[in-house]
Colleague: 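This structure is in structure tokens; I'll ask about it shortly.
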2 protein chains.
Amino acid sequence: MPTIKDVALKAGVSVTTVSRVLNNRGYLSEDLKKKVYSAMNDLNYRPNELARSLSRSKSNIIGLIIPHVSHPFFGELTSHIEEHAYRNGYKLLLCNSQQDKHKELEYIDMLRASRVDGIIMGSHTLEVEAYRQMNLPLVTFDRRISPEIPYVCSDNYRGGVLATTLLINKGCLRLAHIGGHPELNILSVLRSEAFADTARQHNLPHTLLHTDNNSFDVGAYERLLAQLFNEQPDVDGIFAGSDLIAAYALKACRERGLRVPEDVRIVGYDGIALRSLLALPLSTIRQPIEEMGKLAVDLIIQQVHGGAVHAEYILPVELEEGATT
Amino acid sequence: MPTIKDVALKAGVSVTTVSRVLNNRGYLSEDLKKKVYSAMNDLNYRPNELARSLSRSKSNIIGLIIPHVSHPFFGELTSHIEEHAYRNGYKLLLCNSQQDKHKELEYIDMLRASRVDGIIMGSHTLEVEAYRQMNLPLVTFDRRISPEIPYVCSDNYRGGVLATTLLINKGCLRLAHIGGHPELNILSVLRSEAFADTARQHNLPHTLLHTDNNSFDVGAYERLLAQLFNEQPDVDGIFAGSDLIAAYALKACRERGLRVPEDVRIVGYDGIALRSLLALPLSTIRQPIEEMGKLAVDLIIQQVHGGAVHAEYILPVELEEGATT
DNA sequence: TTGTACGCGTTATCAG
DNA sequence: CTGATAACGCGTACAA
């Protein structure tokens, strides 16, 4: 691979001049530019980003840690993050923590060693301290860590209220909620709280179920649903903590011969594209996934540039009624 | 951030020694190791991977270019690739080409500039020459470029035969296939060919439809299905080129009041996890997605180490019957 | 306006 | 067995 030296030699100038042309620094005669550019072209030269990064101590890489890219919500989120990062000249280093403490820790280490300019955390298995200690631009999704670390989330509580209210307005009397693990002060727990609050306000009996370890284990979803229909066979309104869970709920109903929405109404959360492909278009609380992804990237970039950022960014949700309610 | 110099100073040795400890080169007294390690620990030192990469001219980064991570098949594939790369000490730079020629080209440039050790290409919008020219370990999915560039694919033709035969054995008489764009000598076109061949062998009328530009535009899928049911209202067997297309086909049938599998039978291709969440568990031709991802990574690594690789790696498919046939 | 020389953090090649 | 020192490729004060 040709280096800046080769280009300088071929163009008959010094490396400094080539570097200047490359970075558009100072005044350069058109003539000179042409000469240098043509030399670069002839050699098919590309500046070595590793050397650049080392020299500027800035890698233009953003690290992204999420539980699973194969999870539709994170897949869509990742897609938008990548797109927006790319538009801003950043590359994306992808890490799937699989909700594994050890892996997440190793990934953080790896990203720091790679001198990424910032990390977007969509996975949170570690204690607050672990995140506070690393001295790096950070953004989290749905997790409050410290006032210095901004988080992006949808209006979880309002989403929970909207979903639950919808079920109630439709006449559901025996409600249930299935959500993720309510530990590690993940803000998505607000969805569950809103559910419980709203049900209570209407004096309606309600059941709360959640996975053990927030592992996105689909088997766990099926077990929870089995448990639900076993303990509460007369449930008539389910608010699922994610569209994926809702999809399993819908499937579970159909397998048990329960009609949706006549016997059981279901509403999900996320607004993933695949919601329209289920047996019935899913009613859901739509998060602005694209906007959230863009915002996360912007917040990293702002911090990189030394700009100040707020502590929280709560984006609005939208109730989108499909055919399951 | 502390450097190797700081560690050397703190441990009272030279940078060379620290580097040796870091890389386990030569003989080192236990005493010395302890001293150096504790210094590293005290300073929370992490070697700068950028500097390492520059020095060794090896970045331990693999670039992955795919159309969309949000597409479930690529999401799963990416997940396995990342996992396997990680296990082998490689990082993954994610690029979504969105099937855009310009973007794909820019990404290739960016990856070369970043001195990635190799590129896994799941997107193919460019001409053969573009790929041949870059002097880098490469692996493609489903695309034959040149004898030097290995490709990984499932047994597309056999998959197509299995799917079509299944439909025929079930008694379907008017077959249709919806696939991706049959250009750019993508090997997945073999699925379509196998469909046509098999139908012809059985003297069955059959229709072939495909998207215009291989853009994974879901709107295009819906339009194609509308066209299909418009032109061939009596179709009773659909072989979809992907599970996603099959999902749309299933949806289209239901919207038109056609019963599956009684009126129309559907079989997909890929074997994505989400196939079980549809109105009916989808019958499909399962690709060994995990194995394909692992193999792609291995092939990059082998090339990095200067090892020889074969030109083609065709992995077996498996018919998995759900409830749509 | 252009070029020389040093620094970015590591690894590797030499001597000692 | 350990320690200077020169690369790795580029950016940039500083000097010319």
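Because the structure is predicted, anything quoted here is derived from the model rather than measured. Heavy-atom basis, side chains included; hydrogens, waters and symmetry copies ignored. Chain A is the first sequence line, chain B the second, and so forth, proteins listed ahead of strands; every chain is numbered from 1.
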Colleague: Nearest to the side chain of Arg52(A), heavy atoms from C-beta on, is which of dG11(D), dT10(C), dG3(D)?
Modeller: dG11(D)
Colleague: Contact class for Ser57(B) vs. all strands (heavy atom < 4.0 Å): base, sugar-phosphate, or nothing?
Modeller: nothing
Colleague: Please step through side chain to side chain donor-acceptor pair (under 3.5 Å) for the pair Ser53(A) and Ser59(A), ending with a clear verdict.
Modeller: CA-CA 5 Å; Ser53(A) 300; Ser59(A) 63; 5.4 Å; no
Colleague: Below 4.0 angstrom from OP1 or OP2 of dG3(D), is there any side-chain N or O of Ser14(B)?
Modeller: yes
Colleague: Take the protein atom CG of Asn48(A) and the nucleotide atom P of dA7(D), then report the distance between them rounded to whole Å.
Modeller: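 So the two atoms are 18 Å apart, to the nearest Å.
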Colleague: Looking for any heavy atom pair under 4.0 Å, which part of the strands does Thr16(A) touch: base, sugar-phosphate only, or nothing?
Modeller: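 Result for Thr16(A) = base.
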Colleague: Whether Glu104(A) and Lys101(A) form a salt bridge (side-chain N of Lys/Arg under 4.0 Å from carboxylate O of Asp/Glu) is what I want to check.
Modeller: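 No salt bridge links Lys101(A) with Glu104(A).
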Colleague: Kindly confirm or rule out a cation-pi arrangement of Lys91(B) over Tyr86(B), judged by NZ or CZ under 6.0 Å from the six-membered ring centre and within 45° of its axis?
Modeller: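 Not flagged: Lys91(B) not positioned over aromatic ring of Tyr86(B).
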Colleague: Roughly, in whole Å, what's the span from CD in Glu30(A) to C1' in dT1(C)?
Modeller: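 Rounding to the nearest Å, CD of Glu30(A) and C1' of dT1(C) are 15 Å apart.
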Colleague: Kindly say whether, by distance alone, the side chain of Arg115(A) makes a donor-acceptor pair under 3.5 Å with the base of dG9(C)?
Modeller: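 Under the 3.5 Å cut-off, the side chain and the base do not form any donor-acceptor pair.
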Colleague: Closer to the 5' end of DNA chain D via nearest nucleotide, is it Val18(A) or Val15(B)?
Modeller: Val15(B)
Colleague: Step by step, work out the side chain to side chain donor-acceptor pair (under 3.5 Å) result for His124(A) and Asp142(A).
Modeller: CA-CA 9 Å; His124(A) 319 278; Asp142(A) 279 309; over 6 Å; no
Colleague: Is any NZ, NE, NH1 or NH2 atom of the basic residue among Glu83(A) and Lys103(B) found under 4.0 Å from an Asp or Glu carboxylate oxygen of the other?
Modeller: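 Salt bridge present between Glu83(A) and Lys103(B).
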Colleague: With a 4.0 Å limit, can you tell me whether Thr17(A) has a side-chain N or O closer than that to the phosphate oxygens OP1/OP2 of dT2(C)?
Modeller: no
Colleague: Under 4.0 angstrom, heavy atoms only, what part of the nucleic acid is Arg25(B) near: base, sugar-phosphate, or nothing?
Modeller: sugar-phosphate
Colleague: Rounded off to whole Å, could you give me the CZ-to-P distance for the Arg20(B) and dT10(C) pair?
Modeller: 16 Å
Colleague: Rounded to whole Å, please give me the gap between CZ in Arg56(B) and P in dT11(C).
Modeller: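 These atoms are roughly 6 Å apart.
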Colleague: Does the base of dG9(D) carry an N or O that pairs as donor and acceptor with the side chain of Arg46(A) under 3.5 Å?
Modeller: no
Colleague: Between C1' on dG7(C) and CG on Leu54(B), what's the gap in Å once rounded to a whole number?
Modeller: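 Spelled out: CG on Leu54(B) to C1' on dG7(C) is 13 Å.
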Colleague: Please give, in whole Å, the distance from dT10(C) C1' to Asn23(B) CG?
Modeller: 9 Å
Colleague: In whole Å, what is the span from the NZ atom of Lys5(A) to the P atom of dA6(D)?
Modeller: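 Going from Lys5(A) (NZ) to dA6(D) (P), I get 13 Å.
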Colleague: Taking the nucleotide of DNA chain D with the closest heavy atom to each, which residue, Leu32(B) or Ser55(B), is nearer the 5' end?
Modeller: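 Result: Leu32(B).
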Colleague: Take atom CG of Leu50(A) and atom C1' of dT11(C), then tell me their distance rounded to the nearest Å.
Modeller: 14 Å
